Amino acid sequence: MNLVIIIWPEEMQFFMGKFTAEQINQLNNDLKTPQEVLKWAIDNLHPKLGMASSFGAEDVAIIDMMMKINPKARIFTLDTGRLNQETYDVMDEIRNKYNINLEVMFPDQNEVEQMVRVNGMNLFYQSMGNRKLCCGIRKVHPLNKMLVTLDGWITGLRNDQTQNRAGSKKIEVDEQHNGMIKINPIIDWSWDQTLDYIKSNNIPYNKLHDKGYPSIGCEPCTRAIKPGEPLRAGRWWWETDLEKECGLHADHGNK
Ligand code: SF4
């Protein structure tokens, strides 16, 4: 594998603590493979760089690549308290296989207690507002708590997942999170490419993928999809909103 090594002249390095738009454009042109993108990110941003992993197929593929580049690269996850057992299983399998010091972020206990006291345990089925409230408290707030400590974060986004993600690039300035760097190394991969990488590298994966779940979130909010349905149709299946986002990658006002 040929890795592209880019060394910025000193005056081209951090601009006011961030990369310039020109630098980001050049990187998106120069860095072709996910491994090149990840190597650049780790070389330039570690240890203030973290992979946000929900341990879906895209994420375990990226973790495998990261561990082959630098076994000390940081991985964090958001334990909402409502995940499937299969998700906890694959977390431990990956953690053990790569000897990862997995950083687990939990929701604020007081926020969860207040939310369920007022709205009940299954509030997300009652209204879009309640669903976004729950995603905000169980996912977005813990994510933000981690992101304010970092200069860059890595995601498993792919362009064909949602309309919102269709225009995303490999490397972006994340305006939603204070202009930090957002790295999407497999943004232009297909679902089949992702599965091929997992199989050919013998990577543990969430067993729900074998049961019709291409996209996996919390247990009460995710179902298997039917043949021909969009990949994220099983997320919040009772909602008609096409966006199918929780607020981690789109501003839903639940920060
Ligand atoms: S996916 Fe469902 S259970 Fe999980 S945080 Fe969002 S609304 Fe709450």
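Below, each value reflects all heavy atoms present in this structure, side chains not excepted, and no hydrogens, waters or symmetry copies. Note that the structure is predicted; figures quoted are calculated from it, not measured. For ligands, and for the atoms within them, numbers begin at 1 and follow the listed sequence.
Within the coordination shell of atom 4 (Fe) of ligand 1, defined by N, O or S atoms under 2.8 Å, C218 is present. Among the backbone and side-chain atoms of C135, none of the N, O or S atoms lies under 2.8 Å from atom 2 (Fe) of ligand 1. At a cut-off of 2.8 Å, C221 does not coordinate atom 8 (Fe) of ligand 1 through any N, O or S atom.
Remark: Y197 pairs with W189 by the ring pair (Phe, Tyr, Trp, His ring centres under 6.0 Å) rule, at least two apart or across chains.
Between F19 and W40, the gap from one ring centroid to the other is short of 6.0 Å.
Set against the non-hydrogen atoms of R138, the atoms of ligand 1 under 4.0 Å away are 5 (S), 8 (Fe).
Ionic pairing of K182 and E175 is not present here: no N-O contact between side-chain nitrogen and carboxylate oxygen is shorter than 4.0 angstrom.
Taking a 4.5 Å side-chain heavy-atom cut-off between Ile, Leu, Val, Met, Phe, Trp and Tyr, the cluster of V148 contains only that residue.
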